[in-house]
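Input: a single structure, listed below in structure tokens.
Sequence positions, counted from 1, serve as the residue numbers for this chain.
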Amino acid sequence: MLRTRCFLSILFLGVLASQAQAAAVGSSFSYQGELQNSGIQVDGAVDFRFTMHDASAGGTVIGTSLSMTNVTVSRGVFSVQLDFGANAFDGQERWLEIEVRDPHDPTDTLPFELLTPRQPVQPAPYALHALNSPWQTNGTAITNTNPGFVGINRDYVVGSEWFGVHAPIQSGYGGMYVSTEGDLGKPFYGYYAGTGQTGWHYVDGATGDWKLDLSGTRFTVTDEGNVGIGIGDAIPASKLEVNGVIHSKLGGVRFPDGTTQTTANTATGDGHSLDSPNGAFVDAVAVNNTGEFGVNVNLAVGKLDPFYRFEVEDVSTAANVVHIERVPASVGGADLIELELDSTSDPNAQFLEAQWNNGDVKLRVWADGDLSLDGVVTTGGADFAELVHVTTGKASVEAGDVVVIDPRSARGFVKSSAAHSRLVAGIYSTRPGLLGTETDWDLREVGADAEGNPRKAIDIAGDYDQIPLAVVGIVPCKVSAENGPVRAGDLLVTSATAGHAMRADDPKVGTIVGKALQDMTGKTDRITVLVTLQ
């Protein structure tokens with residue numbers, strides 16, 4: 001019967017404790033043994049077959065079987081090199097099963113004889129070094145409690161470095177790679193400051209986005225190239241989306257046309273934050289430091305390619321196209337819309353024009369103040385009045401008074417005081433529907449501030465003792481019953497009661513001021529009258 005005694009010398013993959021960088025020792029090891037046949041030492045050539053197991057009996061085969069033929073055995077002693085691969089030894093027990101064919105069979109057809117029991121693989125110096133090194137195994141985990149630097153393919157330290165990798169390449173990628181098995185995994189690299197503050201950055205397998213987390217998502221880069229800063233878990237919809245202030249400490253902001261804006265206001269610029277330093281408002285779009293916005297090109301709302309300086313177009317058939325509103329209560333002189341022409345403009349220029357799209361003009365407001373319109377004018381009053389001067393002062397008359405010509409003053413008027421006067425001129429209008437005047441009352445020459453303190457013409461004229469005198473239309477009028485009660489339809493003339501009209505049964509031409517439209521009550525009254533001077 002064949003039997004063997006073995007002596008193993010095993011070299012594990014490791015690093016010698018040396019000041020110089022050492023080469024890896026590989027995964028092969030030497031096997032030495034003594035072979036006897038029925039107590040007699042074998043001397044000659046024999047064949048061996050070696051198989052590695054993870055148990056002394058049964059168990060799992062490690063690697064593949066190794067056949068060694070025509071091995072020299074001298075006085076029972078032999079030596080072979082075995083290599084079951086780099087993964088054969090992971091720190092767990094290993095057992096060697098040996099089969100022998102004696103003598104050597106050149107045909108390699110005769111059977112091998114199994115030697116029992118299996119031989120345990122004993123630790124050698126490198127194995128002892130591995131067991132005593134700072135790297136420890138615990139199941140599938142490998143740990144290292146060494147407090148010093150760990151380097152991969154390097155034996156130098158940079159600064160306060162504790163872990164380093166050197167990739168021996170001249171170009172292309174070189175570094176570490178973290179991966180997960182599933183598409184929904186999140187490969188990450190984490191940080192812990194030792195004070196409870198943690199952070200990590202990772203790729204979200206579900207979305208393909210890269211994120212940085214520091215007590216919440218602080219930075220996001222999507223797989224489309226959009227970047228979000230401070231927007232939490234929201235997905236940035238633009239190339240850059242920021243929740244907070246953007247501060248350029250140096251360099252400024254560069255725009256698509258290649259220009260760089262370094263400040264909102266410089267000594268060489270004109271103070272527009274979207275403006276080049278040209279000293280004048282000539283840019284297409286400008287915003288100054290107080291938020292005022294200017295456009296130096298044609299502008300359109302609801303359409304493209306505007307022909308005019310400002311165009312608004314709407315496809316709605318019901319809603320108002322433009323709505324302008326001042327929310328708080330307005331003060332005197334606060335215009336909601338103001339139209340202005342240069343003072344040297346031609347009188348035939350227009351402040352305003354309204355027309356059908358077929359060119360049919362319905363309204364024009366001319367530069368000289370003329371108004372042209374096709375259609376009916378509806379006013380808040382029912383008469384036409386003319387501003388006239390009261391020679392005795394505005395305070396001497398009141399609305400509803402009958403007014404006569406003052407023969408003592410050119411173009412002057414006074415309150416009536418005699419019956420059947422041929423000087424009758426009209427009635428002091430309570431609220432004129434249309435008001436005529438020879439004076440441009442909003443000019444500064446007559447005391448009004450046309451912009452800083454605008455006032456109505458009728459109010460300015462009052463400062464000059466002028467009143468609106470109704471010469472046509474329906475107005476309230478003071479009447480007296482001194483010639484009998486006034487009934488609707490009666491012709492009216494001046495009465496002896498100052499400022500009042502009375503009934504006239506057969507009035508003379510030139511004395512009639514109007515016709516009563518309602519009955520009076522009492523000795524005096526105020527009734528509506530149709531002014532019909534004749």
Side-chain angles (χ1 to χ4, degrees), residues 237-238 243 245 264-265 270-275 281-343 345 349-382 385 430-435 437 440-444 447-462 468:
S238 304
N243 182 16
V245 176
N265 189 10
D270 52 11
H272 302 105
S273 58
L274 296 180
D275 193 17
F281 189 101
V282 297
D283 303 279
V285 177
V287 180
N288 67 17
N289 301 323
T290 61
E292 294 174 329
F293 177 78
V295 178
N296 201 28
V297 293
N298 292 351
L299 179 64
V301 178
K303 65 175 298 184
L304 300 175
D305 301 325
F307 177 78
Y308 300 100
R309 267 323 218 181
F310 180 65
E311 294 187 52
V312 179
E313 184 176 284
D314 187 31
V315 297
S316 171
T317 59
N320 296 333
V321 177
V322 178
H323 176 79
I324 301 175
E325 179 180 358
R326 177 179 283 129
V327 177
S330 300
V331 299
D335 302 328
L336 195 57
I337 297 179
E338 181 180 81
L339 305 177
E340 181 176 333
L341 290 172
D342 188 88
S343 60
S345 297
Q350 297 172 194
F351 284 103
L352 183 66
E353 179 180 281
Q355 66 177 21
W356 292 101
N357 60 6
N358 62 1
D360 182 9
V361 177
K362 294 300 181 182
L363 180 144
R364 281 191 176 101
V365 179
W366 301 90
D368 61 1
D370 288 351
L371 172 66
S372 303
L373 72 156
D374 298 347
V376 176
V377 177
T378 302
T379 70
T430 302
R431 184 182 181 186
L434 294 175
L435 182 64
T437 180
D440 189 354
W441 289 106
D442 60 356
L443 289 179
R444 290 185 175 89
D449 185 341
E451 186 58 37
N453 184 29
R455 298 171 63 200
K456 296 179 180 180
I458 194 171
D459 295 329
I460 301 171

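Salt bridge status for D305 with K303: absent, with no side-chain N to carboxylate O gap under 4.0 Å.
More than 12 heavy atoms of other residues, nucleotides or ligands sit less than 6.0 Å from atom CZ of R364.
In this structure, G381 and T379 approach most closely via the heavy-atom pair O-OG1, 2.9 Å. Between A319 and D314, the shortest heavy-atom contact is O-OD2, 4.4 Å. Nearest approach of I458 to L435, heavy atoms of both residues: CB-CD2, 4.0 Å. Nearest heavy atoms, F351 versus W366: CD1-O, 3.3 Å. Taking all atoms of both residues into account, the shortest heavy-atom contact from W356 to K362 is NE1-CE, 3.2 Å.
The backbone N or O of D335 sits less than 3.5 Å from a side-chain atom of R326, completing a donor-acceptor pair.
Here the CD1-CD1 distance, from I337 to I324, works out to 4.0 Å after rounding to the nearest 0.5 Å.
Residues N298 and R309 are in side-chain contact: their nearest non-hydrogen atoms beyond the backbone lie under 4.5 Å apart. At least one side-chain heavy atom of D374 sits less than 4.5 Å from a side-chain heavy atom of D360.
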